[in-house]
Each structure stands twice: as structure tokens, then as C-alpha cells.
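These numbers come from the heavy atoms of this one structure, side chains and all, not from hydrogens, waters or symmetry mates. This structure is a prediction, so every number in the text was calculated from the model and none was measured. Order of the sequence lines fixes the chain letters, A, B, ..., with proteins taken first and strands second; residue numbering starts at 1 for each chain.
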Amino acid sequence: MNYWLFKTEPDTFGIDDLISRPHQTEPWDGVRNYQARNFLRDEVAQEDEVFIYHSSCKEVGIAGIATVVKAGYADETQFDPESAYYDPKANRTDPRWYRVDVKFKEKFAQVLPLKKIKSMPGITDIGLVKKGHRLSIMPVNKDEWRILKTAAREL
DNA sequence: GCCAACGTTGGC
DNA sequence: GCCAACGTTGGC
């Protein structure tokens with residue numbers, strides 16, 4: 001089992017939106033970065049766990065946890081001319097963009113702030129604290145997953 | 001709104 | 001395949 005961090009802008013779709021969805025489940029679509037796409041297509045597996053990270057908002061940080069309930073499959077929005085994520089160069093025989101389905105698991109009482117994450121001694125590997133921190137889908141190693149989850153629950 | 005740190009595009 | 005120009009992300 002692997003661990004991940006998915007970024008989202010809560011003004012558009014945050015952890016509360018995930019909670020209010022039918023079955024508390026939502027396709028994680030609209031990812032349009034090749035490195036992030038490769039993770040979604042090749043590595044994110046059913047039952048993996050995911051930190052839901054809120055960006056570009058008042059309280060930047062990790063808001064909760066979701067579980068992957070469906071591994072990578074074609075992101076339907078790439079084929080939809082009405083969608084903001086439409087990609088005219090995409091084709092169905094060889095989809096360019098992928099998504100997974102995630103289901104809500106846990107919401108922390110408070111968001112674990114980015115500032116705090118950066119100050120934690122054991123947290124040196126996660127993409128948030130390194131260069132290349134703009135990736136919207138990033139792996140989290142097992143040790144840092146445990147440290148961050150524990151810290152978030154103790155807030 | 002600023003701007004650093006990227007990623008992508010396209011001319012050559 | 002290089003790289004300048006351009007676009008986007010995201011913290012502050």
C-alpha cells in the first residue's frame with residue numbers, strides 16, 4: 001500500500017465537498033500535468049491512502065484523508081468540449097489524462113498548516129518542502145505519512 | 001496582486 | 001534537441 005497527497009482548491013472542491021458527495025466518493029479529475037498523470041495512471045492503486053491538501057486558500061495545509069476506491073482510468077473530462085478540462089488533442093484509443101476515484105475517510109479537527117509541516121524535523125522528503133513543490137499529485141513515504149497523520153490528529 | 005519556480009510551446 | 005518566451009501554480 002502506498003500513500004499520496006492530492007492538492008485541491010477548497011473554494012472549488014474541498015474536503016467538505018467530498019463529504020457531501022453521494023457515497024462520499026468523487027472522481028479526482030482535471031489533472032493536467034504529465035508527472036502527476038503518470039502517478040495516477042501507473043502507481044496510485046486501490047486502497048492507497050491520500051492526504052487531501054487545501055491550496056490557494058485561507059488555511060493552507062492538510063485537511064484530511066481519503067481512500068482510493070478505483071485505480072487509474074481515462075479522465076472523461078478530456079473528451080467533453082463543455083468541460084473546462086477539455087483537451088482537443090486527446091483521443092479515446094490512447095487517453096492522455098487519467099483519474100482515480102477517492103472516498104472520504106477522515107477530516108481532521110483542524111487543518112495541519114503548511115507552515116507547521118515545513119517546521120517539523122522528521123519531514124524532509126515530501127514534495128511540499130522540496131523544490132518541485134507545485135506537483136498536484138505527490139507520493140508520501142510511510143514514515144512521513146505516520147508523522148503527519150499523528151500531528152494532524154493532535155491539533 | 002506579486003513573483004519565484006516551475007512546465008509547456010514552438011521556432012530554429 | 002536547444003532554449004527563449006510564455007503560461008501556470010501557489011504561498012504570501
Would you kindly give the CG-to-C1' distance between A/Leu128 and C/dG10, to the nearest whole Å? 11 Å
Do the rings of A/Phe13 and A/Trp28 sit parallel, tilted or perpendicular, given the 30° and 60° boundaries? perpendicular
For this output row, return yes or no: ring centroids of A/Trp97 and A/Tyr34 closer than 6.0 angstrom. yes
For nucleotides 5-8 of chain C, give me every protein contact, N/O to N/O, under 3.5 Å, one pair per line with atom names.
residue, atom, partner, partner atom, Å
C/dT8, O2, A/Arg134, NH1, 2.7

Rounded to whole Å, how long is the line connecting atom CD of A/Glu9 with atom C1' of C/dG11? 12 Å
Cluster check A/Tyr73, A/Ile137: I/L/V/M/F/W/Y, side chain < 4.5 angstrom: no
Rounded to the nearest Å, what distance is computed from the CG atom of residue A/Leu114 to the P atom of nucleotide C/dT9? 18 Å
Give every residue pair that meets the salt bridge (Lys or Arg N to Asp or Glu O under 4.0 Å) criterion with at least one member in residues 135-151 of chain A, sequence neighbours excluded. A/Asp143-A/Arg146
In this structure, how many angstroms lie between the P atom of C/dC12 and the NZ atom of A/Lys58, rounded? 16 Å
Is A/Lys7 near enough to C/dG10 that one of its side-chain N or O atoms lies under 4.0 angstrom from OP1 or OP2? yes
Would you work out how much the helix from B/dG1-C/dC12 to B/dC12-C/dG1 bends between its ends, with each end axis defined by five base pairs, to 10 degrees? 10°
Return the value, rounded to whole Å, for the distance between atom CD1 of A/Ile137 and atom P of C/dG10. 11 Å
Would you indicate, yes or no, if C/dG11 has its OP1 or OP2 atom less than 4.0 angstrom from a side-chain nitrogen or oxygen of A/Tyr53? yes
In whole Å, I'd like the distance from the NE2 atom of A/His54 to the P atom of C/dG10. 13 Å
Rounded to whole angstroms, how far apart are CD on A/Glu59 and C1' on C/dG11? 15 Å
The reported gap from CD1 in A/Ile126 to CD1 in A/Ile117 (rounded to nearest 0.5 angstrom) is 6.5 Å
Separation of A/Lys115 atom NZ from C/dC12 atom P, in whole Å? 7 Å
Side chains of A/Phe6 and A/Leu40, heavy atoms from C-beta outward: is any pair under 4.5 Å? yes
Before you tell me yes or no, could you show the steps for A/Ser136 and A/Arg37 under side chain to side chain donor-acceptor pair (under 3.5 Å), namely the whole-Å CA-CA distance, both residues' side-chain angles and the distance that decides it to 0.1 Å? CA-CA 10 Å; A/Ser136 60; A/Arg37 184 282 309 270; over 6 Å; no
If we ignore hydrogens and angles and just use 3.5 Å, is the side chain of A/Thr12 paired with the main-chain N or O of A/Pro10 as donor and acceptor? no
Working note: A/Phe51 + A/Trp4, criterion ring-ring contact (aromatic ring centres under 6.0 Å, His included); need CA distance, chi angles, decisive distance, verdict. CA-CA 6 Å; A/Phe51 281 139; A/Trp4 304 93; over 10 Å; no
